[in-house]
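Everything below concerns the one structure shown next.
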Number of protein chains: 4
Amino acid sequence: MAIETLIRHADATPKRERRKEARPGELLEAALDLFVEKGFSAARVDEVAARAGVSKGTLFLYFQSKEDLFKAVVRENIANQFPTWQEEFKAFEGSSADMLRYALMSWWERIGKTRASGITKLVMSEAQNFPEIATFYQEEVIQPGNALIRRILARGVDSGEFRNLDLEQAVHIIVAPMIFLMMWKHSMGACAASAHIVNPEQFIHMQVDLLLHGMVATPLT
Amino acid sequence: MAIETLIRHADATPKRERRKEARPGELLEAALDLFVEKGFSAARVDEVAARAGVSKGTLFLYFQSKEDLFKAVVRENIANQFPTWQEEFKAFEGSSADMLRYALMSWWERIGKTRASGITKLVMSEAQNFPEIATFYQEEVIQPGNALIRRILARGVDSGEFRNLDLEQAVHIIVAPMIFLMMWKHSMGACAASAHIVNPEQFIHMQVDLLLHGMVATPLT
Amino acid sequence: MAIETLIRHADATPKRERRKEARPGELLEAALDLFVEKGFSAARVDEVAARAGVSKGTLFLYFQSKEDLFKAVVRENIANQFPTWQEEFKAFEGSSADMLRYALMSWWERIGKTRASGITKLVMSEAQNFPEIATFYQEEVIQPGNALIRRILARGVDSGEFRNLDLEQAVHIIVAPMIFLMMWKHSMGACAASAHIVNPEQFIHMQVDLLLHGMVATPLT
Amino acid sequence: MAIETLIRHADATPKRERRKEARPGELLEAALDLFVEKGFSAARVDEVAARAGVSKGTLFLYFQSKEDLFKAVVRENIANQFPTWQEEFKAFEGSSADMLRYALMSWWERIGKTRASGITKLVMSEAQNFPEIATFYQEEVIQPGNALIRRILARGVDSGEFRNLDLEQAVHIIVAPMIFLMMWKHSMGACAASAHIVNPEQFIHMQVDLLLHGMVATPLT
DNA sequence: TATGAATGAGTCTTCATTCAT
DNA sequence: TATGAATGAAGACTCATTCAT
């Protein structure tokens, strides 16, 4: 998608011409779909090419190898939605509890629910075989994401709304179930036997509730 | 070859050794290693056999297929542990909060910390390509595991120690961070940029604390 | 290797040759040879490919599987002939006795005499191990073949030239010796002790004669 | 069977002792079944051994190789029922037509119908790969069998009951359908799609009828 | 003599990659 | 630049045969 956008901006040439220039973008699109769906090794380059409407040979004209294609796919799709969010959160006026709830729910709407979650699943699944990509993802996605959550928690602690938490740890605890949701959606969740065991919206609701108020009947004194 | 012969004589290792009792265990060991290291489809049965010190044919003497071998690995390393836990939990006498804490920590000691956690990572990564494995794992690991947690929660609710929870959802919320830990350890956790970001023991401690008592400074009234 | 290189230069045969049109035919030729020579299961796809001058992979470009290849061989060499026969028979103007004689003789010329007869031998030899092939053969060769014969007999009965026969049975009686000829040619006929015991043309002549007029000196009254 | 008989006659030792001696016979029995059922290459030596109640290793104690076993099986089972028949035919008093009918029907009862027909199927199927066996069979079974038929035909011709036939050819025409019946029974006849297409008894009846009196309504003048 | 665990060559099939056109 | 025919190195699994016991 990023590449396509760049190309579009570069020149507004008529369709036939652009077609040629757009090839890599179409291939990356198709590859993303297939890598998410089947994983790196089970995805077939024939199918990627076919879905992009070109021949297998053409694919190798743009990408040296399947691995090369994979890396390009992930790099292209690690987009930053974070700046937008940062703006939203700066302007947020409710309680920090509401802010947390809002953050997780909107994360689900914009990332978890969409195809973007497939990238996370993909990166985590193949991290062992592509360490550079894992590092890249860690830096470009996970750390900024964590920073966003950390800011919300810090706000709550500062205002006295939250207990005095170890922020670093707490961030992971918030983030873990979201990552779980994405993994689940693209793995067990896609299998018949366990398809609808986890309902994401309910899951997030309860997650926030428990995180905020705990399970014990007699609260901390 | 002359050298090889010399070595053979030095070790006096017979080419064919009959060790029927020991074989399956040795193969399962090697298989666990390789499955965790490379994933299900990338692990080669030849290599499993070689690492166990036998020929490819011998492997198929003990396991009908690669899938069968994998199932045996899962049973040996994960499923087998459930009965023990069940016993322990039956005999447990402390509070349900302590019980939950104990469950998660001992789960970490016996599974999460060990190579066995790699199995969970692998299953989630490749579930889509091997539906039969996904179903198997769902039935032999996830459902029994969930049942164990559900019993703890039910005990807490029954005794009035916990709030009246939607057990099914709560189970997922307990389990999700554990799955996250396993995924993390075998994906991002293995890359430099994030190696020690998540400390499992601390993570679990805080997870239990937050789950039990919540984050808000002013508890539910 | 030096020699090989020399030869290559001498011939100037390119390693990779693109001959999409010709490939299937060449493969079918080679496959027919090998299937007849070794039987279905003993014939090796590698050897078929090699004999056709292509790599193993190329064979699977044109035929989905060994079984698929075999079916194509059957269609090419046997099943394809039925429409032609049907045309010929439609246009046939002589007596039904002549028609029968012609059918059997031309069957011998076009199938029995050629390598194609080896296919029948092979199918009968291996039918039990490859039920799908047996069914295929039954449907694509035996039934159409029988239908052709049945039509000739029916014509003779209708015209009063033949006695009122049980057509279904009579068809088998006509067909049996033809199958015998094919079996014989590719089994006992290939061994010294019996090489020339059965002369097909004479055999067919006498077969038709006896079938038409019987052996007894005093005919039915 | 032949071997067993020999052994039984040789010594009437108690069961336990004889067991050991009987091994080869039991193996040949089991092997016959399996070779007939599946053919040479599809029959598994494990299964032969298992069916004979011994281990695979034991089989190779008695037979050098699978091929060796195969040859032994066929040799053992080419029994001669011919002398008996010869006696019967010498004493036969009816017409030659009746004699022919009787010969074919009793052949079906004693050979075609029984497991013995499996040997023929086996030998014809594997003749290409075992030429010595084909020769052996030709001499030991086919030629004597043909001689029997030839005598019947000669009797009919001599008595003026039959036309003046080329005996050599006529014999083949009589024998061909019988061989067809055996092949069919053990190949296509064993497949669901065509199980009962050919009814042997009816087939033989009609065969004899047509052979004797022909199909044409207006007989030879 | 009997066992059955162990072997390893051999089989079909797949698929990333190359290259003549 | 684009094609798609051709390649060949794997990979899972089988099975006749061997050999330590």
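A, B, ... follow the sequence lines: proteins, then strands. Residue 1 opens every chain. Computation of the quantities below employed the complete heavy-atom set of this structure, encompassing side-chain atoms and omitting hydrogens, waters and symmetry-equivalent molecules. All of these numbers come straight from a predicted model, not from anything done at the bench.
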Could you tell me how far apart [X] ([atom1]) and [N] ([atom2]) are, to the nearest whole angstrom?
X: D:Asp46; N: E:dT3; atom1: CG; atom2: P; value: 14 Å
X: A:Lys66; N: E:dT17; atom1: NZ; atom2: P; value: 8 Å
X: B:Lys38; N: F:dA10; atom1: NZ; atom2: P; value: 13 Å
X: D:Glu47; N: F:dA16; atom1: CD; atom2: C1'; value: 15 Å

- Task: Output, in order, the C-alpha distance, side-chain angles, deciding distance and verdict of salt bridge (charged side-chain N to carboxylate O under 4.0 Å, His left out) for B:Glu37 and B:Arg115.
- Result: CA-CA 9 Å; B:Glu37 199 175 306; B:Arg115 281 173 308 170; over 6 Å; no
- Query: Looking at side-chain heavy atoms only, is the closest gap between B:Val45 and B:Phe60 below 4.5 Å?
  - Reply: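 SC-SC contact between B:Val45 and B:Phe60 confirmed.
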- For residues C:Leu69 and C:Leu28, determine if any side-chain heavy atom of one lies less than 4.5 Å from a side-chain heavy atom of the other. yes
- Message: Under the criterion ring-ring contact (aromatic ring centres under 6.0 Å, His included), I'd like the reasoning laid out for D:Phe40 against D:Phe130: C-alpha separation, chi angles, the key distance, then a yes or no.
- Response: CA-CA 10 Å; D:Phe40 176 73; D:Phe130 299 90; 5.0 Å; yes
- Contact residues, residues 53-64 of chain B to DNA chain F [heavy atom, < 4.0 Å]: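 Here the set is B:Lys56, B:Phe60.
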- Message: Which residues in residues 26-36 of chain C have a heavy atom closer than 4.0 Å to any atom of DNA chain F?
- Response: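 Those residues: none at all.
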Between [Y] and [X], is the closest basic N to carboxylate O distance under 4.0 Å?
X: D:Glu132; Y: D:Lys71; answer: yes
X: D:Lys56; Y: D:Glu47; answer: no
X: B:Lys121; Y: B:Glu126; answer: no

- Message: Set out, in order, the CA-CA distance, both residues' side-chain angles and the distance that settles side chain to side chain contact (heavy atoms under 4.5 Å, CB included) for A:Ile119 and A:Leu32, then state yes or no.
- Response: CA-CA 8 Å; A:Ile119 304 288; A:Leu32 172 58; 3.1 Å; yes
Check every strand shown and say whether [X] touches a base, only sugar-phosphate, or nothing at a heavy-atom separation below 4.0 Å.
X: A:Val45; value: base
X: C:Ala42; value: nothing
X: D:Ala43; value: sugar-phosphate
X: D:Ala49; value: nothing

Looking only at heavy atoms, what is the nearest atom pair of [X] and [Y], with distance?
X: B:Phe35; Y: B:Leu122; result: O-CD1, 3.4 Å
X: B:Ala43; Y: B:Lys66; result: O-NZ, 2.9 Å
X: B:Ser41; Y: A:Ser41; result: OG-OG, 3.7 Å

- Message: Please confirm whether the shortest side-chain N or O distance from B:Arg44 to OP1 or OP2 of F:dA10 is below 4.0 Å.
- Response: no
- Got a minute to check which stems DNA chain F is part of, using Watson-Crick or G-U wobble pairs under 3.5 Å, three or more consecutive?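 Stems found: E:2-21 with F:2-21.
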